[in-house]
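To keep things clear, I will list the structure first and then write my remarks on it.
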Amino acid sequence: MRCKICVLMCFSLGLFSGAAGIYAAQEGGQTVALIGARLIDGSGQAPLENSALVIQGETLSAVGPAASVKFPDGTAVIDCHGQTIIPGLITDHSHVGLVDGVSIKPENYNRQNILRQLRQYEAYGVTSVTALGLNGSLFYELRDGQHSGKSPGADLFGAFRGIGAPLGAPPAAVIPVSTDQLYRPETAEEARTAVREILAGHPDLVKIWVDDLLGTSPKMKPEIYTAVIEEAHRAGVRIAAHIYYLQDAKAVLRAGVDIIAHGVRDQPVDQEFIDEMKARSVWYIATINLDECSYIFAEQPAWTKDAFFQNALQPALRAQLSDPAYLEKSSKSPRVPIFKKAVATNQANVKTLYDAGVKVAFGTDSGAIPPRIPGFAEHRELQLMVASGLTPLQAINCATSRAAALLGLSDRGVLAPGKLADFVVLTGNPLDDITNTEKIAAVWHRGKKVAGAVGDFHASGD
Ligand SMILES: [Zn+2]
């Protein structure tokens, strides 16, 4: 629906019509009110029909039923009847500056490429991004810029560098990074030194990799991750662990890790794991998209033709994903059955853990390799969570207020007075069909409309 009242108001204020009028209103510090939408506030509560959201500056000054919320004379009013508003999505596990087009190389960790990625996330309604390791020296400067709200694109959080295993994960052959993006300590003492260097810049989290990459490489030794966890905890910083196997997830839990950064994918989780997760109040991020993106594009489901997917692809990736020879080769990979089993196990486990009351947050591993597509991956993850058995409301709750809670952020994730005005206006109701989160009419970030329909967005070249 067109915003009739907005247009009328903007004319009456002597401003330009439509979006330009809103931009002009915001530049002047004017209050903006969105009236009439169904509001899914991120808290997990049932939606509020016919809502009003009032924005002053970067934050929401009032949220409630349209009939009772008041706003000052001269407010620019946008009619959103028939639309649904959800909070901006928050990913707790993504990466920036690793990929450009179909390339993965250390040179991709540069300002222009990272800001390009953050603008893509934002255009897709992901307003906060956690770069969970493999960050270069530029990370803290970029994070400050995004926190200031003056730089376009999603807000940025992260783990600075990461701590991997010598000759192990993360795989240097798949994700080549420079020495200023990753440590691979050989001893506990080296691990402690690495953590101290990481902590000097005040990261949001510390990241470790504890995995043998399907039996192809050595795992991180327990004395290494124990030293990392002790050293980070001494400074009050939490640790997120890359795991694959239930046994490793249990081992890092007992060593004191705070976040399980990927789903358990080798077998069903058991009561012992559930009890330990709850007793230690540890967060769980499933990243179901991670394994699915290894085979799904070759199967060419109908949505691969949609603009929502196509517009997220940089030209080189679009060319690769429309090359029959490439698709044929990837569909014949002997690993496809392993990835499919991993997805099914991951989905069953996230449902079990959610229902048991474990703290499930949200992440995708988008940006780690080219097929994990910034912005698109987050909507796909919501669909995969719903296919796991979570309700759309639960999945949205994981990707908003729970994802903010994982990061320790109280200023976002819920649309309520005093919170940042980070939200997405949808033309469909995602509670009817979770794919309606893709029907983006507008994205608002820190009180400003920063993007319209995704149909107007095109991932830029590499
Ligand atoms: Zn990752």
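Both counts, for ligands and for their atoms, begin at 1 and track the order of listing.
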Using the six-membered ring of Tyr295, assess whether NZ or CZ of Lys340 lies under 6.0 Å from its centre and within 45 degrees of the ring axis.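 Judged by the rule (NZ or CZ under 6.0 Å from the ring centre, within 45° of its axis), Lys340 counts as positioned above Tyr295.
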Ring-face cation contact, Trp444 with Lys448, 6.0 Å cut, 45° max: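 That pair does not qualify as a cation-pi contact.
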Angle between ring planes, Phe308 versus His379, binned at 30° and 60°: parallel, tilted or perpendicular?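 Perpendicular, since the angle between the ring planes exceeds 60°.
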Relative to the ring of Phe376, is the ring of Phe309 parallel (under 30°), tilted (30 to 60°) or perpendicular (over 60°)?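 Phe309 and Phe376: perpendicular rings.
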Checklist line | Distance, nearest 0.5 Å, that separates CG of Asp422 from CG of Asp411 | finding: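 Reported to 0.5 Å precision, the distance equals 8.0 Å.
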query: Closer than 2.8 Å to the Zn ion (ligand 1), how many protein N/O/S atoms do you count?
result: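 Considering protein N, O and S only, the Zn ion (ligand 1) has 3 within range.
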Please evaluate residues Arg335 and Ser294 with respect to the criterion side chain to side chain donor-acceptor pair (under 3.5 Å), reporting the C-alpha separation (whole Å), side-chain torsions for both, the decisive distance (0.1 Å), and the verdict. CA-CA 9 Å; Arg335 286 194 164 187; Ser294 298; over 6 Å; no
